[in-house]
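Below, all heavy atoms of this structure are taken into account, side chains as well, without hydrogens, waters or symmetry copies. Note on naming: letters A, B, ... go to the chains in the order of the sequence lines (proteins, then strands), and numbering restarts at 1 for each one.
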Protein chains: 2
Amino acid sequence: MHPLFRGVPAELVNKFIAQASPHGYPKGRIIFMQEDEAERFYLLVSGWVKLFRETLDGEEAVIDVVDGGHLLGESVIFENDTYHCGAEVVEDAALVSMPLSLLKEAVETSTVMAKNLFTAMSRAKRLQTKELEHRTIQNAPQRIGCFLLRLIPKNTEKNIVLHLPYDKTLMAARLGMKPETFSRALNRLRDETGIRIRGASVEIDDVKMLSDYSCSACSSAYPCEE
Amino acid sequence: MHPLFRGVPAELVNKFIAQASPHGYPKGRIIFMQEDEAERFYLLVSGWVKLFRETLDGEEAVIDVVDGGHLLGESVIFENDTYHCGAEVVEDAALVSMPLSLLKEAVETSTVMAKNLFTAMSRAKRLQTKELEHRTIQNAPQRIGCFLLRLIPKNTEKNIVLHLPYDKTLMAARLGMKPETFSRALNRLRDETGIRIRGASVEIDDVKMLSDYSCSACSSAYPCEE
């Protein structure tokens, strides 16, 4: 069960189930746009979704790229009821949407539900604060290193082969870089830490070399909690 | 009354008042450090406070610089109970601190209180998302322009004299820039928009020139809602 519903009375969970709609969306599908009126929130079951904002000039800022387990659009309740960013499927996604009005009602009537939503929002804010820190202090190769470190399974230290979860252009945008900066940074990261890149695969012989290089410019030591 | 307590039953507000401690802190005072165990949250009444994170290398990332009306440390309840960032007074500040345990209890027993805290957290997250957008897309002169535009009183369009709220080194850090980048960017902003800078004063003849220049690289048109 998703942490949002953990410990919530079955009767209330059933209300959500009764009003839930499943969606299977292909790559490229826009789920909602920034400033759209928010009527539903989404639980991403699988796949990858890009959260983005578009400037008046038409440039796009990627705020995050999220995978299974993430909630989308849940944080607008009790505010101005428009989505904070747009959401677009970047790898085929399965989602479940539920009415925000029900979520609003549920946190007003169930202490457990309110607590769960607070926990989710607090966590999301902490991650975003960390992201702000990274975009401010880490240089481009360190940011890529940090991204790769997060893909490594726990307690694995040697001889790892990672598959990049989505394409390098999006990876660059997710890290707040222009594609040409990303290419140069990836080369530098390779030279500094001995990783090898073959298409969408990355081979890492020694995690410590990578974490020493990347995490020195972060407020958390490796492995970080999330 | 602060929005957090708006509509809250007097009995509950009195509980907060009974356990509130006022603090008058001078510039330079650390209120709390990142990862400190969080026992109290703070309502900033006046002055300016810097929120920051420090990397293992000892470099500092300024996450935000906030003024009167802001809550500090309120978002850690229901999570791991350590502060997400450090907080340091940068212009003499008056604060009121209250126990987080009481806030936790209050949102569990009062729907209005829970709603108010959700609203505050949702707003904070939206502002942070916008900040991420800015650090990603706006160039340095545009970011300074955006900072100045936020200081302009509503419905004022011509012949404005602004006083910078804190020193330029901190302003640079707040905008995620190195001091030398900041100086160059300020000169460029002056050349592009006709503003004049005299010490801590900035003279703006025409707000539209400044907003045209800065807000084209933002997802909101001027004037923005916050």
Point to revise | Which portion of A:A120 sits near chain B, non-hydrogen atoms under 4.5 angstrom | key: neither
Practice item. Against chain B, work out which of A:A217, A:A221, A:G176 has the most heavy-atom pairs shorter than 4.5 Å and name it. Key: A:A217
Check your understanding: Given that the side chain runs from C-beta out, which part of B:L117 has a heavy atom under 4.5 Å from chain A: side chain, backbone, both or neither?
Key -> both
Check your understanding: What residue pairs, at least two apart or across chains, pass ring pair (Phe, Tyr, Trp, His ring centres under 6.0 Å) with a residue in residues 173-194 of chain B?
Key -> none
Short donor-acceptor separations (under 3.5 Å), chain A to chain B:
from, atom 1, to, atom 2, distance (Å)
A:Q34, NE2, B:S219, OG, 3.1
A:R53, NE, B:E133, OE1, 2.5
A:R53, NH2, B:E133, OE1, 3.2
A:R53, NH2, B:S219, OG, 3.1
A:L56, N, B:C218, O, 2.8
A:D57, N, B:S216, O, 3.0
A:S75, O, B:S122, OG, 2.2
A:F78, O, B:T119, OG1, 3.1
A:E79, OE1, B:S122, OG, 3.4
A:E79, OE1, B:R126, NE, 3.0
A:E79, OE2, B:R126, NE, 3.0
A:E79, OE2, B:R126, NH2, 2.4
A:T119, OG1, B:F78, O, 3.1
A:S122, OG, B:S75, O, 2.3
A:S122, OG, B:E79, OE1, 3.3
A:R126, NE, B:E79, OE1, 3.0
A:R126, NE, B:E79, OE2, 3.0
A:R126, NH2, B:E79, OE2, 2.4
A:Q128, NE2, B:T129, OG1, 3.0
A:T129, OG1, B:Q128, NE2, 3.0
A:E133, OE1, B:R53, NE, 2.5
A:E133, OE1, B:R53, NH2, 3.2
A:R135, NH1, B:T136, OG1, 2.5
A:T136, OG1, B:R135, NH1, 2.5
A:S216, O, B:D57, N, 3.0
A:C218, O, B:L56, N, 2.8
A:S219, OG, B:Q34, NE2, 3.1
A:S219, OG, B:R53, NH2, 3.2

Point to revise | Part of B:V112 within contact of chain A (heavy atom distance under 4.5 Å) | key: neither
